[in-house]
Amino acid sequence: MNILVVGGGGREHAIIKSLKKNKRVHKIYALPGNGGIAADAECCPVKANDVQGIVSFAQSHKVDFAVVAPDDPLVLGCVDELEALGIPCFGPRKNAAIIEGSKVFSKDLMKKYGIPTAESRAFTDADEAIAYLKNGSFPAVIKADGLALGKGVIIAQTEEEGVRAVRDIMCDKVFGASGNSILIEEFLTGPEVSVLSFTDGKTVIPMVSSMDHKRAHDNDEGLNTGGMGTVAPNPYYTQAIAKECMEKIFLPTVNGMRAEGRTFQGCLYFGLMLTPKGPKVIEYNCRFGDPETQVVLPLLESDLLDIMIAVHEGTLTSDMVKFRNGAACCVVLASEGYPQTYRTGYEISLPVPQENEYVYIAGAKAEGEKLVTAGGRVLGAVAAAETLQAAVNGAYALAHKIRFENAYMRKDIGKRALACARED
Ligand code: AMP
Ligand code: GLY
């Protein structure tokens with residue numbers, strides 16, 4: 001089979017490495033991929049949000065199955081266009097990808113189907129939102145409705161900060177049209193858990209849980225980033241909580257989407273907060289998380305392509321998805337200065353990964369024979385092991401063997417998870 005993977009980050013590298021394990025896979029194209037992914041797939045310079053470019057590429061390259069990984073092409077309807085040409089896909093159609101594409105939509109869905117989430121109000125008028133804040137309590141959470149490169153959530157500590165956020169989003173349009181509507185919601189507290197799931201629209205099978213580390217610096221300080229590291233499983237997510245989430249969140253979401261005529265087929269990501277009043281949904285993503293995928297897929301024992309085809313065909317069953325016991329840790333190596341300004345173009349020196357070690361490249365390009373840095377997040381160093389402690393040690397040992405000038409990593413990935421695991 002010829003497979004097309006849309007996207008070009010560490011998540012896509014992990015997906016491609018997993019797909020390659022299937023013997024039926026003849027060729028994998030990555031659009032656009034990156035200089036590191038080029039070792040595992042043929043990378044072609046079509047941007048991930050260029051839906052027309054992707055569709056013409058798929059047509060002219062006899063693609064048998066397409067995996068659309070990033071949010072932009074999913075929300076733009078890339079899957080609908082590919083399927084209209086008879087190319088089967090893994091990923092939700094446009095009318096289901098809205099679960100990530102519009103936070104107002106997903107909030108309405110949760111209210112309608114009784115899915116636990118933060119209390120909130122939607123606004124399309126800045127003055128009304130500002131008047132509401134005058135009587136509100138703080139911190140308050142202000143969210144742009146649409147996609148905003150992961151930056152559309154502002155936690156306002158005071159009324160003044162809240163008013164500024166509303167003006168930035170709705171009047172100055174710092175996130176463009178994504179800010180035509182906003183949500184103002186209650187501030188929740190508790191540990192966060194990411195749960196990715198496979199769903200064919202009827203059956204929903206959660207993958208192993210994980211924990212992201214979004215802030216740039218140790219002890220969760222500094223700016224929000226795309227994710228500086230992950231561990232799986234997440235020790236806060238006990239079996240009892242998993243059962244509760246299945247009953248109160250996962251099944252009602254998948255069934256609700258189907259009842260709305262928006263059957264979701266693909267990877268549905270539940271961003272959860274384990275609050276004192278039980279688990280609540282913070283956000284949905286219509287895709288694999290990055291860098292969660294980098295710790296989840298190394299623990300998947302079953303064949304990823306077979307699962308993806310079953311998701312597409314609507315024949316998913318729970319025996320098709322098996323994870324190994326044990327744990328995984330991903331330490332992201334970034335360019336110093338990320339997520340603000342940073343320099344790139346430095347040569348990367350990589351060790352040969354041993355068993356249970358993986359290097360997933362996110363921001364790098366080829367320069368002749370060399371691989372050089374080309375982004376804020378450059379790569380993820382991943383280790384899988386029997387215990388979380390061994391996985392964390394393994395990921396850091398691997399990360400320390402990788403060299404490029406101005407490399408930066410957090411030193412405490414997994415620390416909170418290990419502390420929680422020790423309390424048990
Ligand atoms: P993002 O991934 O950009 O949507 O980031 C959202 C982050 O903002 C989450 O990971 C939470 O840490 C935080 N957040 C979002 N909604 C709430 C809420 N209602 N209460 C507290 N924190 C929130
Ligand atoms: N790691 C969070 C995300 O992929 O949005």
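Ligands are counted one by one from 1 in listed order, and the atoms in each one are counted from 1 as well.
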Counting only heavy atoms from other residues, nucleotides and ligands, does the tally under 6.0 Å from CD of Glu301 exceed 12?
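Yes, CD of Glu301 has more than 12 neighbouring heavy atoms, counting only those of other groups under 6.0 Å.
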
(request) Please indicate whether Asp172 has more than 12 foreign heavy atoms, meaning atoms of other residues, nucleotides or ligands, lying under 6.0 Å from its CG. (result) yes

Report the nearest protein non-hydrogen atom to [atom]: residue, atom name, distance rounded to 0.1 Å.
atom                    : answer
atom 4 (O) of ligand 1  : Glu283 OE1, 3.2 Å
atom 17 (C) of ligand 1 : Ile282 CD1, 3.5 Å
atom 5 (O) of ligand 2  : Arg287 NH2, 2.9 Å
atom 18 (C) of ligand 1 : Val141 CG2, 3.6 Å
atom 3 (O) of ligand 1  : Gly150 O, 2.8 Å
atom 1 (N) of ligand 2  : Glu292 OE1, 2.7 Å
atom 11 (C) of ligand 1 : Glu192 OE2, 3.2 Å

| Contact (N/O only, under 3.5 Å) between Leu188 and ligand 1 | yes

Mind checking whether Lys143 has an N or O less than 3.5 Å away from an N or O of ligand 1?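 Min N/O separation from ligand 1 is below 3.5 Å for Lys143.
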
Quiz item: Can Glu260 and Lys112 be counted as an ion pair, charged N to O under 4.0 angstrom?
Solution: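 Lys112 and Glu260: salt-bridged.
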
(Q) Check this for me: does any side-chain nitrogen of one of Arg416 and Asp220 sit under 4.0 Å from a carboxylate oxygen of the other? (A)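 Counted as a salt bridge, because a side-chain N and a carboxylate O are separated by less than 4.0 Å.
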
**OP:** Check whether any heavy atom of Arg11 sits under 4.0 Å from an atom of ligand 2.
**Re:** no

Next on the checklist: I'd like to know if Tyr269 contacts ligand 2, where contact means a heavy-atom distance under 4.0 Å to any ligand atom.
Outcome noted: yes

Does the residue Ile155 have a heavy-atom contact with ligand 1, meaning some pair of atoms that are separated by less than 4.0 Å? yes

Which atoms of ligand 1 sit under 4.0 Å from any heavy atom of [X]?
X      : result
Phe187 : 20 (N), 21 (C)
Val153 : 4 (O), 6 (C), 8 (O), 15 (C)
Glu186 : 18 (C), 19 (N), 20 (N)

**Asked** Should you measure from each heavy atom of Gly289, which atoms of ligand 2 turn up under 4.0 Å away?
**Response**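 Here the atoms of ligand 2 in question are 4 (O).
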
Per-atom filter on ligand 2: closer than 4.0 angstrom to a heavy atom of Asp212 are 1 (N), 2 (C)

is_close_aromatic(Tyr408, Tyr338), centroid dist under 6.0 Å: no

Are Asp212 and Thr230 linked by a side-chain donor-acceptor pair shorter than 3.5 Å?
no

Any side-chain donor paired with an acceptor under 3.5 Å for Glu292 and Ser194?
-> yes

Nearest atoms (heavy-atom pairs only) where Met228 meets Arg215: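 Looks like CG-O, 3.4 Å.
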
For His312 and Cys89 the tightest heavy-atom approach is ND1-O, 3.2 Å

Mind running side-chain contact (heavy atoms from CB on, under 4.5 Å) on Glu42 and Tyr29 for me, showing each step along the way? CA-CA 5 Å; Glu42 188 173 320; Tyr29 297 107; 3.9 Å; yes

* To do: Check the angle between the aromatic planes of Phe270 and Phe250 and answer parallel, tilted or perpendicular using the 30° and 60° thresholds.
  => tilted

Exercise for the section: Output yes when the distance from some N or O of ligand 2 to some N or O of Asn285 is under 3.5 Å, and no in every other case. Expected result: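 Between Asn285 and ligand 2 (N or O atoms, distance only) the closest approach is under 3.5 Å.
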
